[in-house]
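See below for the structure under consideration.
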Amino acid sequence: QVQLVESGGGSVQTGGSLRLSCVASGATDSIVSVGWVRQVPGKEREAVAAIGSDGSINYADSVRGRFAISRDKVKNTLYLEMNDLKPEDTAMYYCAAARSHLKALYYIRSVNFEYWGQGTQVTVSS
């Protein structure tokens, strides 16, 4: 099993920045694909950024150019740098991981991860 714990959420004003972190523990050697998924109550989950097993990186169109995903394998930590935040970025953000060998675009489109963190809230006020 894999455990994922997010941190770094909070409240910011429009145009602000936040950096989310996610620390993985447990069977981390089995993780080959990772990503960040957000959800607003009453709406479908949206994968905003992913790193595929081949090292490919992809983003949802809604955040491309503003968000950056990165991974420190030594520290078993995943990051999401979020800049130029907008009120529509307000959501619960989840760290997610998978053992499947697939490209990042697959996860952006399918949101089909195996492991999930508990989430960290991001609120952007206008």
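This one's a predicted model, so the numbers in the text were calculated from it and none came from an experiment.
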Are the aromatic rings of Y107 and F113 close, with centres under 6.0 Å apart? yes

According to salt bridge (charged side-chain N to carboxylate O under 4.0 Å, His left out), who are the partners of R19, at least two apart in sequence or on a separate chain? E81

Give me the ring orientation class for W116 and Y94: parallel if the planes are under 30° apart, tilted from 30 to 60°, perpendicular past 60°. perpendicular

Spell out, yes or no, whether Y93 and V37 are grouped together once hydrophobic residues are joined by side-chain heavy atoms under 4.5 Å, including indirect joins. no

No-hydrogen, no-angle side-chain donor-acceptor test under 3.5 Å, Y106 and N112: yes

S53 OG to L102 CG distance, which is reported to the nearest 0.5 Å: 6.0 Å

Quick one: CG on L20 to SG on C95, what's the gap to the nearest 0.5 Å? 9.5 Å

When clusters are formed by joining ILVMFWY residues with side-chain heavy atoms under 4.5 Å apart, either directly or through shared neighbours, do Y79 and F67 land in the same one? no

Evaluation steps, salt bridge (Lys or Arg N to Asp or Glu O under 4.0 Å), between R66 and D84: CA-CA 6 Å; R66 300 188 296 120; D84 189 24; 5.0 Å; no

Nearest heavy-atom approach of A91 to V40 is CB-CG2, 3.8 Å

Look at atom CZ of R64 and say whether more than 12 heavy atoms of other residues, nucleotides or ligands are closer to it than 6.0 Å. yes

Identify which one of E88, R38, K86 satisfies the side chain to side chain donor-acceptor pair (under 3.5 Å) criterion when paired with S62. R38

Using the rule given for side chain to side chain contact (heavy atoms under 4.5 Å, CB included), can you reason through L105 versus S56, listing the C-alpha separation, both sets of side-chain angles and the distance that settles it, and then say yes or no? CA-CA 8 Å; L105 183 58; S56 60; over 6 Å; no

Can you tell me how far apart CD (E6) and CE (M92) are? Round to the nearest 0.5 Å. 9.0 Å

Of the non-hydrogen atoms in Q121 and T90, which two are nearest, and what is the gap between them? NE2-CG2, 4.0 Å

Evaluation steps, side chain to side chain contact (heavy atoms under 4.5 Å, CB included), between Q118 and V5: CA-CA 7 Å; Q118 83 289 349; V5 179; 4.3 Å; yes

Would you check if there is a donor-acceptor pair between the side chains of S17 and N83 at a distance under 3.5 Å? yes

